[in-house]
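Since the structure comes first, as structure tokens, the remarks are kept for the end.
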Amino acid sequence: MASRINLGYNSPNMTGGQKILLSGVKPTGRPHIGNYFGAMKQFVELQDQHKALIFIADLHAITTNQEATSLRQDTLDLAIDYLAIGLDPAKTILFRQSDILEHANLNWIFNCLTTVPYLQRAHAYKDALAKNQEVNVGTFDYPILMAADILMYDADLVPVGQDQKQHVEYARDTAEKFNRVYGGATFKLPEPLIIEGLKTIPGIDSQKMSKSKGNIIPLFAEDAEIKTQVMKIVTDSKTPEEPKDPATCNVFALHELFSQDQLPELRQRYEQGGIGYKESKEILIANLIKFIAPLREKRQAIAADPNKVKAILKAGGDEARKLAQAKMAVVREKVGLNW
Ligand code: AMP
């Protein structure tokens, strides 16, 4: 996998030479194919060469979701989604953030080192202000909770999109500040892992595919839903005979992901004329179903045994807690909170 990695650290012995990779995922409902190609798939590929920790960021989720039943369901669903796409609990520590009380504990210690003007520079806070949203303290403070999430486990690498590099910068600044104030090298400075060549997947309305815009093709969609959504993809009104530009066609953008084998032929037919959008969509539907149906079936099989999924999360939590408690023992000593 192509990746730009510029490490300032060697990985610790406890991981047998493997880098520690950490990522948090917010439980926010059904994932779509943009989430899959833009993020989820990468985690599964990266778990083979790294010591990976993936947590379900339920503490971050309650900044916006304050409905207990839906939070519980979304959390379980997200674990099922990840297991269905191939996250392997034997390789990856999968856990719930709130299961590790130390995250909130370290968040508080970092809060006491963080100034308000510094947090006011965070993109998400500035966006919320620009939209005149009333911002709760949790949302304002989320970069520092994120810093606690990352630094707790001595993460070397945090996979992020180009627009999310600021998250890792907050973690690095916080690590540096703690190390400076309390002396020593308690926290390792993490690096962003930027996956090259990731494209933004367009939704059926040609804007970025996004849960909030209602323009998604769900990753585990039923066949009927796939058909309905693809048929709704916005195109221009060219006739089948007219030449078409693959670079500006939303249907073709999805062919690039799902119709690899037919791509040269499809490109030629687009450029020369001779394929209508209806036919192009029908080919896409067939290929999407071929891709999604086995994933959906795997998901259904996993979802049939929620207790097993909960047991996986509990085991992941037990493993993560050991790491977190060991780290917090050092932190408490440094800060003067132990006796
Ligand atoms: P979100 O659901 O917006 O929180 O996104 C979760 C992850 O999926 C992030 O890493 C995004 O970069 C990625 N992602 C979301 N939507 C898209 C999209 N339309 N195309 C590519 N990646 C996406």
Side-chain angles (χ1 to χ4, degrees), residues 1-4 21-47 52-65 70-71 74-75 77-82 84-85 87 97 122-125 127-128 131 138-139 142-143 145-146 149-150 155 157-169 171 190 192-221 229-230 232-234 249-258 284 288 291-292 295:
M1 153 146 317
S3 57
R4 175 153 27 96
L21 179 107
L22 177 125
S23 187
V25 201
K26 255 209 296 196
T28 50
R30 292 171 92 191
H32 52 74
I33 56 174
N35 297 134
Y36 179 74
F37 285 98
M40 299 169 78
K41 176 173 179 272
Q42 273 59 255
F43 298 148
V44 176
E45 289 170 359
L46 289 164
Q47 69 180 344
L53 294 108
I54 297 210
F55 65 90
I56 301 178
D58 50 2
L59 292 179
H60 287 284
I62 59 172
T63 59
T64 51
N65 180 358
S70 103
L71 182 70
D74 286 350
T75 300
D77 279 342
L78 187 58
I80 298 169
D81 295 340
Y82 269 90
I85 62 162
L87 202 79
Q97 182 186 26
H123 298 321
Y125 173 68
D127 289 350
K131 287 182 199 148
T139 301
Y142 93 90
L145 176 56
M146 211 176 260
D149 302 334
I150 295 169
L157 298 170
V158 182
V160 287
Q162 276 291 355
D163 54 343
Q164 300 165 324
K165 275 198 297 190
Q166 197 191 44
H167 300 162
V168 185
E169 281 157 22
L193 172 62
I194 295 164
I195 314 288
E196 300 283 6
L198 283 188
K199 285 191 186 160
T200 298
I201 317 284
I204 59 171
D205 61 353
S206 85
Q207 294 185 62
K208 179 182 173 181
M209 188 174 289
S210 177
K211 282 173 202 164
S212 58
K213 293 194 193 121
N215 63 358
I216 69 167
I217 298 176
L219 177 59
F220 301 102
Q229 292 302 85
V230 172
K232 282 199 258 176
I233 295 177
V234 176
C249 174
N250 297 316
V251 185
F252 198 88
L254 297 181
H255 278 309
E256 286 180 344
L257 299 168
F258 296 98
L284 179 63
L288 268 166
F291 178 84
I292 286 179
L295 284 181

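Order of appearance sets the numbers: ligands from 1, and atoms from 1 within every ligand. This structure is a prediction, so every number in the text was calculated from the model and none was measured. Values below: every heavy atom of this structure, side chains too, minus hydrogens, waters and symmetry copies. Numbers for residues simply follow the sequence, beginning at 1.
- Nearest to atom 15 (C) of ligand 1 by heavy-atom distance, out of V160, N215, N35, is N35.
- Here D74 contributes atom CG and D81 contributes atom CG; the two are 9.5 Å apart, rounded to the nearest 0.5 Å.
- Atom 11 (C) of ligand 1 is not flagged as protein-proximal [any protein heavy atom, distance under 4.0 Å].
- Judged purely by atom type and a 3.5 angstrom limit, D205 has no side-chain atom pairing as donor or acceptor with the backbone of V234.
- Geometrically, ligand 1 and T200 share no nitrogen or oxygen pair separated by less than 3.5 Å.
- A donor-acceptor contact shorter than 3.5 Å links the side chain of N215 to the backbone of K208.
- Among all protein heavy atoms, the one lying closest to atom 20 (N) of ligand 1 is I201 N, 2.8 Å.
- Distance check on atom 3 (O) of ligand 1: every protein heavy atom falls at or beyond the 4.0 Å cut-off.
- Every atom of ligand 1 with a heavy atom of M209 under 4.0 Å away is listed here by number and element: 16 (N), 17 (C), 18 (C), 19 (N).
- Counting only distance, with no hydrogens or angles, the side chain of Q47 and the backbone of A52 share no donor-acceptor pair below 3.5 Å.
- Inclusion of A39 in the set of residues having an N or O under 3.5 Å from an N or O of ligand 1 is not warranted.
- Counting only heavy atoms of the protein, atom 9 (C) of ligand 1 lies nearest to Q164 NE2, 4.0 Å.
- Of all protein heavy atoms, the one lying nearest to atom 23 (C) of ligand 1 is G34 O, 3.3 Å.
- The shortest side-chain heavy-atom distance between H32 and I217 does not fall under the 4.5 Å cut-off.
- Contact between K208 and ligand 1 is present, with at least one heavy atom of the residue lying under 4.0 Å from the ligand.
- Judged by distance alone, the side chain of Q166 and the main-chain N or O of H123 form a donor-acceptor pair under 3.5 Å.
- Summarising the geometry of P202 relative to L254, their closest heavy-atom pair is O-CD2, 4.4 Å, with the distance given to 0.1 Å.
- The shell of residues lying under 4.0 angstrom from ligand 1, judged by heavy atoms, excludes M40.
- Put simply, the side chain of Q42 gets close to the backbone of F37: a donor and an acceptor are under 3.5 Å apart.
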